[in-house]
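Here's the structure, in structure tokens; my notes come after.
Just so you know, residue 1 is the first one in the sequence shown, and it goes up from there.
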Amino acid sequence: MSDRPVPVGALLRAAAPDRLPEVIAEHLRRHFAVDHAEVLVTDLTLRRLVPLTGPPEPDSDPGALRCLASQRPGTETDITGRARLHLPIACWGERLGVLRVELPARPEPEQADELHVIADELAVALRAADRITDRYRRAQCLERPTMAAELQWDLLPGRSLGDERFQLAGLLEPAYDVRGDHFDWSLLGDRLTITVLNGAGDGMESALLTATAVNAMRNARRCGSDLVEQAELASDALHSRYGGSLHAATLLLEVDLISGWVDAVDAGSPHCLVGRAGAIDQVRLEQQLPLGMFGEARYEIERFRLEPGDRLLVVSDGVHAAAPGGGTTFGESALLTALRRTRLQPAGEAVGTVMRSLREFHKGHEPEDDAVTVCLDWRR
């Protein structure tokens with residue numbers, strides 16, 4: 001291994017934003033004697049990985065999929081001693097993909113650590129570059145999203161977030177045809193704000209309604225407003241635009257990551273559940289008016305408290321009220337079973353488990369509504 005005069009972070013910042021995979025591959029070949037390197041990104045469903053070089057088809061490498069799920073590096077060797085290393089590409093808890101590296105032999109611990117740092121640097125660069133090139137988004141889309149879905153995915157803050165205090169993840173479905181369901185979050189110091197929305201209507205109409213509500217709440221939040229002011233500004237904006245004919249059912253939460261206290265404004269249909277010591281219970285909040293239903297609506301904050309190790313889940317009515325064929329709802333029967341399956345899974349895998357269970361519950365019926373699941377693990 002030769003000296004590396006240019007730190008990989010500086011190398012990536014100097015590269016064209018659409019050439020990051022090639023720059024990383026060349027760096028690894030020159031300085032780590034790597035035979036082959038491939039950057040794989042997640043598709044919109046977070047169930048598949050897609051290589052950035054070659055045909056845009058899902059990669060079936062089980063080692064890469066395990067790495068994505070566990071967020072831990074993995075090394076495999078064949079009978080000749082050649083090694084294949086999988087490294088998670090993640091930034092601030094956001095799972096972006098996997099870096100696959102093929103080497104003549106299993107790397108020494110120091111070299112493996114250096115490769116892990118390179119994957120981390122690549123994650124930051126990919127996150128920044130995603131806004132100024134379509135290359136990575138094109139690879140993620142294995143189908144063509146609807147216009148409404150395009151708007152919703154571009155509006156998201158990400159699909160996961162975390163540090164030593166918490167892990168947070170969210171998922172939208174159907175990924176390529178999501179409409180008014182959405183989630184948003186923001187971290188500032190020890191305060192974590194989470195919102196889950198279900199905009200009324202269909203198609204672009206629903207997506208534009210939700211986009212108006214999300215941006216109104218962001219505007220208030222970024223000016224230092226509390227949850228009540230966020231809800232009221234969004235409600236006024238929607239009522240001014242739609243006159244009460246359309247509204248957005250919304251749950252607003254602000255979590256104190258030190259004490260575990262949660263401020264909540266329940267303005268509609270999303271349900272909040274807490275998993276604690278093997279039990280799962282719904283947080284019973286007083287449901288207030290959906291955003292935009294009436295002019296000059298006023299909202300109040302309620303409070304509940306998390307304990308260290310708790311898992312908080314928020315599901316839209318596309319999850320808890322799903323009733324394919326008009327039968328029993330998912331929330332009445334299968335939701336708790338699905339949540340129990342997630343007990344040992346990290347938040348990023350837990351939202352996928354809930355959504356898989358929801359798809360199985362439909363048993364071939366076309367979903368009548370889009371769906372959101374958000375999961376927060378509070379560690380303190």
Side-chain angles (χ1 to χ4, degrees), residues 8-9 12-13 41-42 46 66-74 86-99 112-131 155-172 183-196 217-218 221-222 224 227 251-264 272-276 304-314 342-354 372-380:
V8 68
L12 290 168
R13 287 190 293 274
V41 294
T42 61
L46 279 177
R66 284 195 299 270
C67 176
L68 177 68
S70 68
Q71 288 296 284
R72 295 177 181 174
H86 294 102
L87 298 156
I89 301 174
C91 178
W92 297 300
E94 173 81 356
R95 299 186 299 164
L96 303 177
V98 172
L99 175 61
D113 289 343
E114 290 185 74
L115 291 169
H116 203 310
V117 170
I118 288 173
D120 288 343
E121 293 280 5
L122 176 60
V124 175
L126 285 171
R127 186 74 188 268
D130 187 55
R131 289 292 180 182
L155 190 63
L156 285 178
R159 286 180 287 180
S160 48
L161 176 70
D163 58 25
E164 70 281 357
R165 299 168 295 175
F166 72 96
Q167 189 66 44
L168 176 64
L171 199 57
L172 298 176
F183 59 84
D184 192 26
W185 54 56
S186 176
L187 175 65
L188 182 60
D190 294 318
R191 310 291 290 188
L192 176 64
T193 303
I194 304 169
T195 55
V196 175
M217 287 186 286
R218 285 178 178 174
R221 189 183 71 223
R222 290 166 181 172
L227 292 187
L251 179 64
L252 301 87
L253 303 172
E254 186 176 82
V255 184
D256 185 323
L257 295 171
I258 298 297
S259 68
W261 279 106
V262 182
D263 289 350
C272 180
L273 304 100
V274 171
R276 176 182 299 161
F304 63 94
R305 193 170 189 175
L306 298 176
E307 295 181 0
D310 277 0
R311 166 165 286 178
L312 183 147
L313 296 114
V314 182
T342 72
R343 187 172 58 88
L344 300 178
Q345 296 177 332
E349 285 297 291
V351 292
T353 294
V354 173
V372 167
T373 298
V374 171
C375 178
L376 168 68
D377 289 338
W378 181 54
R379 301 164 180 159
R380 194 168 73 174

Inset, instruction - Report the C-alpha distance between L187 and L257 in whole Å, list the side-chain angles of each, state the deciding distance to 0.1 Å, and finish with yes or no for side-chain contact (heavy atoms from CB on, under 4.5 Å). - result: CA-CA 10 Å; L187 175 65; L257 295 171; 3.7 Å; yes
How long is the span from the [atom1] atom in [X] to the [atom2] atom in [Y], to the nearest 0.5 Å?
X	Y	atom1	atom2	result
L273	D310	CG	CG	12.0 Å
E349	S70	CD	OG	8.5 Å
L122	L87	CG	CG	10.0 Å
S186	R218	OG	CZ	9.0 Å
D163	L168	CG	CG	10.5 Å
L68	L46	CG	CG	7.0 Å

Results of salt bridge (Lys or Arg N to Asp or Glu O under 4.0 Å) for [X] - residues two or more places apart only:
X	value
R131	D154
R379	none
D190	R165
R191	E254, D256, D263

Legend entry - side chain to side chain donor-acceptor pair (under 3.5 Å) partners of residues 116-130, not counting sequence neighbours, each pair once: D130-R137
Legend entry - Note, T193 side chain near M217 side chain (heavy atom, < 4.5 Å): no
Legend entry - Heavy-atom pair of closest approach, residues A350 and Q345: CA-OE1, 3.6 Å
Inset, instruction - Identify which one of L313, L376, L306 satisfies the side chain to side chain contact (heavy atoms under 4.5 Å, CB included) criterion when paired with V274. - result: L306
Inset, instruction - Identify which one of D377, L161, L312, V255 satisfies the side chain to side chain contact (heavy atoms under 4.5 Å, CB included) criterion when paired with F166. - result: L161
Legend entry - Chi angles and distances behind the side-chain contact (heavy atoms from CB on, under 4.5 Å) call for R221, L252: CA-CA 11 Å; R221 189 183 71 223; L252 301 87; over 6 Å; no
Inset, instruction - Please assess Q71 against R95 for the test side-chain contact (heavy atoms from CB on, under 4.5 Å), listing each intermediate value before the final yes or no. - result: CA-CA 8 Å; Q71 288 296 284; R95 299 186 299 164; 3.5 Å; yes
Legend entry - Other residues, nucleotides, ligands: >12 heavy atoms within 6.0 Å of W92 CH2: no
Inset, instruction - List for me each residue that meets ring-ring contact (aromatic ring centres under 6.0 Å, His included) alongside W378, sequence neighbours excluded, and say none if there are none. - result: none
